[in-house]
Number of protein chains: 2
Amino acid sequence: MAFIKVSMDALHADTTLSNYMHHLAEVPLLRQCTPAQRQHLAQHARLEHHAKGKVLFLSGDRADHFFLVLTGWVKLYRETLDGMQAIVDVLPAGHLFGETALFEENVFPFSAEVIEPATLLRLPIAVLSDEISKDPALALAMLRVMVQYRRQQDQELEHTKLQSAPQRIGCFLLRLLDQRNQGPFSLNLPYDKTLIASRLGMQPETFSRALTRLKDETGIRISGARIEGDAISQLAIYACGACSSTFPCKDKAG
Amino acid sequence: MAFIKVSMDALHADTTLSNYMHHLAEVPLLRQCTPAQRQHLAQHARLEHHAKGKVLFLSGDRADHFFLVLTGWVKLYRETLDGMQAIVDVLPAGHLFGETALFEENVFPFSAEVIEPATLLRLPIAVLSDEISKDPALALAMLRVMVQYRRQQDQELEHTKLQSAPQRIGCFLLRLLDQRNQGPFSLNLPYDKTLIASRLGMQPETFSRALTRLKDETGIRISGARIEGDAISQLAIYACGACSSTFPCKDKAG
DNA sequence: CGAGGGTTTGAAGTGCATCAAATAGTGTGG
DNA sequence: CCACACTATTTGATGCACTTCAAACCCTCG
C-alpha cells in the first residue's frame with residue numbers, strides 16, 4: 001500500500017526540500033501540480049511531530065494552514081451542544097486535511113486530534129490558494145477530488161442507513177484489503193477498536209458483538225487486532241448485499 | 001423564497017432564450033457565470049415537462065446532460081442489491097442535478113425520478129465542461145459550491161447518527177423556515193409525508209409517530225400538511241441540541 | 001505486581017422497523 | 001352531489017438492533 005511506503009521514508013527522513021516534495025507527489029490532489037508548484041508548496045512546509053492526544057485545531061478556528069499526514073493517524077470530528085461526538089473521518093498517512101477551509105472563509109469546519117503519534121507537514125493555505133487561482137488545471141483537479149469525496153459521503157450515508165452493524169464492519173475490512181487479490185487474507189486493525197466503532201457510528205460494545213457475529217456468519221478468524229480469512233468473497237457476499245455499489249468497492253480518496 | 005418566484009415565471013413561460021437565461025441566473029453555481037456563458041448554455045437548453053413517476057435516468061446511465069428544476073420536485077436515489085432504496089436528495093425548483101457527472105466519467109452516480117409534475121431544463125454537460133475549462137473563475141465557483149455541499153453532507157451524516165427521529169423532523173422544519181424571523185410561523189409541508197420520511201431515512205409510520213411526539217414536546221400545531229407554532233425557538237431548542245452547528249442552520253445550496 | 005485503559009460479556013431498556021388494520025383524503029364516474 | 005376506489009396517513013401490537021449501565025476480563029507498562 002502506498003502509505004506504508006511513505007511512512008517508511010518519513011522515518012528515515014532528512015528534512016530537505018526535495019524530500020518534502022517527494023511526499024507531496026504522493027498525494028492525489030497535489031500529484032497533478034507541476035513540479036514548480038509543488039516546490040512552491042514545499043518551500044513553505046513545516047514538519048511537525050505530535051504525541052497521541054494532541055489537538056491540532058478546533059472547529060471554528062481560523063485556518064491559515066492545512067496538513068498532510070506523513071505517519072500516524074489523525075481523527076477529524078465535531079461535537080454537538082449536548083456533548084456527543086461525531087467522527088467525520090480518520091486519516092492515515094498520505095491524506096490531506098483542512099484544505100477545504102480555503103473555500104469556507106478560512107475557518108475549519110471540524111476539529112482534529114492526533115490519535116496515533118504522528119508526523120505532519122503543515123502547509124500554508126495561502127500558497128495553495130495562490131496556485132489554484134493561477135492555474136485552472138489545479139482547480140479542476142481539486143474539483144475532481146471533491147466530487148469523489150462527495151460520492152463517498154453519499155455512500156457512507158447509505159451505509160449507516162441500510163447496513164447492519166456487522167455488515168458495516170465487513171465493509172470496513174474490505175476497504176483495508178487489496179480487493180484485486182481473491183485468495184486468503186490477513187490484516188491488522190489500523191487503530192483502536194473503540195475508535196473504529198465510533199468511526200462506524202456504533203458503540204464499542206456493539207462493535208465487539210457485531211464483530212463476533214461477523215466471524216460466525218462469514219468464517220473469518222479473529223485474534224486481538226489480527227483478522228484472517230480464506231477468501232475476500234466471504235466478506236463481500238455478506239457485506240455488499242446491502243450496498244448500492246458494485247463489488248470492488250473503492251477506498252477513500254486522498 | 002426564491003424558488004417560488006422562479007416557478008411562477010415558469011408557469012407563464014414563453015420559451016425564448018432570454019427566458020431560459022433568466023432561470024439560469026437564479027442558480028448559485030451559474031450566477032457566477034458571465035452573461036455570455038449563460039447564453040451559451042441557454043442556446044443548448046431544452047425545456048421538458050414530466051408527469052409524476054417519470055424516471056429521468058438510472059444510476060450508471062451515460063450522462064450527456066444535466067438538469068435544472070424549474071417547477072415540481074425531483075428525487076435522487078440509489079438502490080442496493082437487496083432492493084432497498086436510499087434517497088440521496090429531494091430537489092425543488094432552482095436546483096441543479098447531474099452536473100457532477102462531469103467529473104465522474106460521464107456516468108450518473110444515482111437515479112432520478114419526478115415526484116411532482118415537473119418542468120425541467122435539460123442542458124448538455126459538454127457545454128458546461130467547455131465553459132469550465134475555458135474559465136478558471138467558473139471552476140472556482142463550482143469548487144465553492146461543491147465544498148458547501150460536502151459540508152452539508154457531513155452534517156446530514158451527523159444527523160442520522162446523533163439525532164432522534166423527532167429531532168430530525170424538527171431540523172427539517174427549521175430549514176423550511178426563514179430563520180431570521182423569530183416570531184410565530186406557519187408552513188405547508190412541501191411534499192408527501194411518506195417521501196419526507198424516506199428523505200429523513202425513516203419509515204412513514206415512524207414519521208407519523210415522531211411528528212406527534214415533536215408536537216407534544218414543542219407545542220407546535222399540526223393539521224394535515226399545515227404546521228404552525230408560536231416561536232421558532234420552540235423547534236430550535238428541541239432539535240439543535242444534538243447538532244454540532246450553531247443555531248441559524250443553513251438551507252442546502254443549489 | 002498492580003494500575004489503568006481497552007475489550008468483552010451480561011442484563012435491561014429504547015427506538016425504530018415491521019406487520020396488520022383502521023381511518024382520513026382525494027379524485028372518479030355515475 | 002354522492003358512492004366508490006384508491007392512496008396517504010394514523011394507530012396498535014410485536015420484534016429486532018442497537019444502546020446503556022454494570023461488571024468482569026485482559027493486556028500492557030510502569
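By convention in this document, chain letters (A, B, ...) are assigned in the order of the sequence lines, proteins followed by strands, and residues within each chain are numbered from 1.
Checked for salt-bridge contact, A:Asp216 and A:Arg213 miss the test: no charged N lies under 4.0 Å from a carboxylate O.
Under 3.5 Å, the side chains of B:Ser186 and B:Arg226 contain a donor-acceptor pair of N or O atoms. A side-chain N or O of A:Thr80 and one of A:Asp82 form a donor-acceptor pair less than 3.5 Å apart. Checking A:Ser244 against A:Glu158 by side-chain atom types alone, a donor-acceptor pair falls below 3.5 Å.
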Enumerate all atom pairs, one protein N or O and one N or O from nucleotides 13-19 of chain D, separated by less than 3.5 Å.
unit_1, atom_1, unit_2, atom_2, d
D:dA13, N6, B:Arg209, NH2, 3.4
D:dC18, OP1, A:Ala165, N, 2.8
D:dT19, OP2, A:Gln203, N, 3.3
D:dT19, OP2, A:Thr206, OG1, 2.3

Report, one pair per line, the protein and nucleotides 28-30 of chain D atoms (nitrogen or oxygen only) whose separation is under 3.5 Å.
none

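Summarising the geometry, the separation between CD1 on B:Ile222 and C1' on D:dT10 is reported as 12 Å, rounded to the nearest angstrom. Across the protein-nucleic acid pair, A:Lys193 atom NZ and D:dC26 atom P stand 14 Å apart, rounded to whole Å. Summarising the geometry, the separation between CD on B:Gln85 and C1' on C:dA17 is reported as 17 Å, rounded to the nearest angstrom. If you take CG of B:Leu189 and C1' of D:dT9, they are 12 Å apart, rounded to a whole angstrom. Here C:dG5 presents its P atom at 13 Å from CG of A:Asp192, a figure rounded to the nearest Å. Rounded to an integer number of Å, the gap from A:Leu211 CG to C:dG6 P is 18 Å. Following rounding to the nearest Å, B:Leu200 (CG) and C:dG15 (C1') show an atom-to-atom distance of 16 Å. Atoms CG (A:Leu214) and P (C:dT8) sit 13 Å apart, rounded to a whole Å.
Ring geometry, B:Phe67 versus B:Phe97: the interplanar angle falls under 30°, so the pair is classed parallel (tilted spans 30 to 60°). Between A:Phe57 and A:Phe110, the ring planes are tilted. Angles from 30° to 60° get that label.
Here the options are A:Arg199, A:Arg175, A:Arg150, the test is salt bridge (Lys or Arg N to Asp or Glu O under 4.0 Å), and the partner is A:Glu156; only A:Arg199 passes.
For D:dT9, one of the phosphate oxygens OP1 or OP2 lies less than 4.0 angstrom from a side-chain nitrogen or oxygen of B:Thr194.
Interatomic distance, B:Leu177 CG to B:Ile227 CD1, rounded to the nearest 0.5 Å: 9.0 Å.
Atom NZ of B:Lys54 is surrounded by 12 or fewer heavy atoms from other residues, nucleotides or ligands within 6.0 Å.
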